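Working notes, structure below.
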Amino acid sequence: MTIGEAGPLVSGEWLAAWIGEPGLHVIHVSADRKAYDEGHVPGALFSDLHVDMAKTGTRPETGTAKRVYLVPTREETAESLARWGVKSGEHIVFYDDSQGRQGIRGYWLLRLYRFPKTQLHVLDGGLPVWTKEGRALTTVEPKLDATDPAAALALLGDRDDSLIATADEVLAWNRESSAPNGATRLLDVRRIDEFLGRDVVALRGGHIPGARHRVFTDFVAVDGRLRPAADILSVLQASGVDPAELRATYCQGGVRAALAWFALSEVAGLQQVRNYAESWEEWGNRPDLPID
């Protein structure tokens, strides 16, 4: 049976109708297994955020600073696909138990390596909304049916630079924003204490000059689902940002920023917006870059 057509964001009703069909993979993403082990969507595999979506290590530009949100390579991403058993033409639905940001990191990562957009989805509201709707949960973990890593690698392409911002690009946008009557190019979606430099989680605290601030959860409605497009744009405009001028979102490590990117790009249609995935973990650890 062919999986029904759907956009990037799918409802619990849609997933319940297609769950269990061959060619549909459901992936529960989290930084720990607690919620998954207590009860997850039937048939869902567990994906550790810090194994599959964000790597630990260092980079020359940030010296000895320990990084925990490094973007996986194409080959590392293919290893995850192979472990999940994904084959050509099949669909993936990501969800999480953490306001959507971790599942959306998975969506963004596969889009980054050109996995077909029409085969990638995010469960709106994730596990909390699925549970509120009274849908079935299970504690049974399905058996992995891994595929060949070489075949999985063939499902991916070269990095799509239209989805990720680099420090050099962000620096150029920072200069544009800092000019007289400059356009707002950057949206910081961390907590206010991070933005103001009171909560320091890098060598330096603060924010990128010229960035506007909006907590990523402002794009999430009270019921846990993402806000509709009109509301997303209103939230952005209420922050003093012209939607046409925005170029990138950022946070600490590109996970919260991925949710903001998804809301702005995939829901509200602002396809010029990118995720600065290295985010403050890079910027705050580089003394050569300006901060406020």
Side-chain angles (χ1 to χ4, degrees), residues 31 49-51 53-73 98-99 101-102 104-105 108-109 112 159 161 163-219 235-236 238-241 245-264 272-292:
L49 175 75
H50 289 292
V51 172
M53 317 293 178
K55 299 294 186 178
T56 299
T58 59
R59 288 290 183 270
E61 59 271 17
T62 48
T64 60
K66 183 180 179 181
R67 308 276 294 276
V68 296
Y69 292 103
L70 294 171
V71 177
T73 64
S98 188
Q99 300 165 304
R101 63 190 187 269
Q102 295 174 344
I104 288 174
R105 170 75 171 211
W108 173 83
L109 180 63
L112 182 67
R159 194 175 86 163
D161 288 337
L163 300 181
I164 187 169
T166 66
D168 286 343
E169 290 169 329
V170 171
L171 182 60
W173 292 327
N174 149 254
R175 289 167 177 158
E176 291 179 11
S177 298
S178 301
N181 302 314
T184 298
R185 300 301 195 195
L186 305 170
L187 187 68
D188 185 318
V189 297
R190 299 174 297 164
R191 291 176 289 105
I192 188 63
D193 281 353
E194 293 175 273
F195 180 79
L196 295 177
R198 296 195 291 245
D199 184 2
V200 181
V201 285
L203 293 178
R204 305 178 301 163
H207 59 270
I208 300 172
R212 297 277 184 164
H213 179 258
R214 199 86 208 196
V215 180
F216 79 99
T217 50
D218 290 342
F219 297 110
V235 166
L236 192 62
S239 306
V241 180
E245 295 177 348
L246 189 65
R247 294 295 178 267
T249 62
Y250 76 92
C251 58
Q252 173 66 18
V255 176
R256 290 171 286 180
L259 184 145
W261 164 83
F262 185 96
L264 295 164
Q272 83 280 3
V273 176
R274 307 183 196 183
N275 177 6
Y276 174 34
E278 304 284 355
S279 280
W280 198 255
E281 193 175 67
E282 176 181 48
W283 198 275
N285 284 311
R286 282 186 54 175
D288 60 313
L289 296 175
I291 63 168
D292 272 347

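The basis for the numbers below is simple: all heavy atoms, side chains too, and nothing from hydrogens, waters or symmetry mates. Please read these numbers as outputs of a predicted model, since none were measured by experiment.
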Which distance, rounded to the nearest 0.5 Å, do you find between the [atom1] of [X] and the [atom2] of [Y]?
| X | Y | atom1 | atom2 | result |
| --- | --- | --- | --- | --- |
| Arg159 | Leu109 | CZ | CG | 11.0 Å |
| Arg190 | Asp199 | CZ | CG | 9.0 Å |
| Leu259 | Phe219 | CG | CZ | 8.5 Å |
| Glu245 | Leu187 | CD | CG | 13.0 Å |
| Leu70 | His50 | CG | NE2 | 11.0 Å |
| Ile104 | Met53 | CD1 | CE | 12.0 Å |

Partner residues of [X] under the salt bridge (Lys or Arg N to Asp or Glu O under 4.0 Å) criterion, sequence neighbours left out:
| X | value |
| --- | --- |
| Glu61 | none |
| Arg101 | none |
| Arg198 | Asp193 |
| Glu169 | Arg274 |

Requested in this report: Could you tell me whether a side-chain N or O of Ser177 sits under 3.5 Å from a main-chain N or O of Ala183, the two making a donor and an acceptor?
Outcome: yes

Query raised in the report: Is the backbone N or O of Val235 less than 3.5 Å from a side-chain atom of Ser239, with the two atoms forming a donor-acceptor pair by type?
Result: yes

Requested in this report: In sequence, state the C-alpha distance, the side-chain angles, and the governing distance for Phe216 and Thr249, and then conclude on side-chain contact (heavy atoms from CB on, under 4.5 Å).
Outcome: CA-CA 10 Å; Phe216 79 99; Thr249 62; over 6 Å; no

Taking the side chain as C-beta and beyond, is there a heavy-atom pair between [X] and [Y] under 4.5 Å?
| X | Y | result |
| --- | --- | --- |
| Arg67 | Arg59 | yes |
| Leu186 | Val170 | yes |
| Trp261 | Leu163 | yes |

Query - Worked check of side-chain contact (heavy atoms from CB on, under 4.5 Å) between Val71 and Arg105 - result: CA-CA 10 Å; Val71 177; Arg105 170 75 171 211; 4.0 Å; yes

Looking at [X] and [Y], what are the two nearest heavy atoms and their distance?
| X | Y | value |
| --- | --- | --- |
| Gly210 | Thr184 | O-CG2, 4.2 Å |
| Tyr250 | Asp188 | OH-OD2, 2.7 Å |
| Val189 | Ala260 | CG1-CB, 3.8 Å |
| Gly254 | Ser279 | N-OG, 3.5 Å |
| Glu281 | Asn285 | O-ND2, 2.7 Å |
| Trp280 | Gly205 | CZ2-C, 3.8 Å |

Query - Sequence neighbours excluded - salt bridge (charged side-chain N to carboxylate O under 4.0 Å, His left out) pairs with any residue from residues 250-262 - result: Glu194-Arg256

Report summary line: Applied to residues 203-217, the salt bridge (charged side-chain N to carboxylate O under 4.0 Å, His left out) test, sequence neighbours excluded, yields Arg214-Asp218

Query raised in the report: In terms of ring plane angle, is the pair Phe195 and His207 parallel, tilted or perpendicular, where the classes change at 30° and 60°?
Result: parallel

Report task. Kindly assign one of parallel, tilted or perpendicular to the pair Trp283 and Tyr276, based on the angle between their ring planes and the thresholds 30° and 60°. Result -> perpendicular

Requested in this report: Check the pair Ile164 / Asn275 against side-chain contact (heavy atoms from CB on, under 4.5 Å), numbers first and verdict last.
Outcome: CA-CA 5 Å; Ile164 187 169; Asn275 177 6; 5.8 Å; no

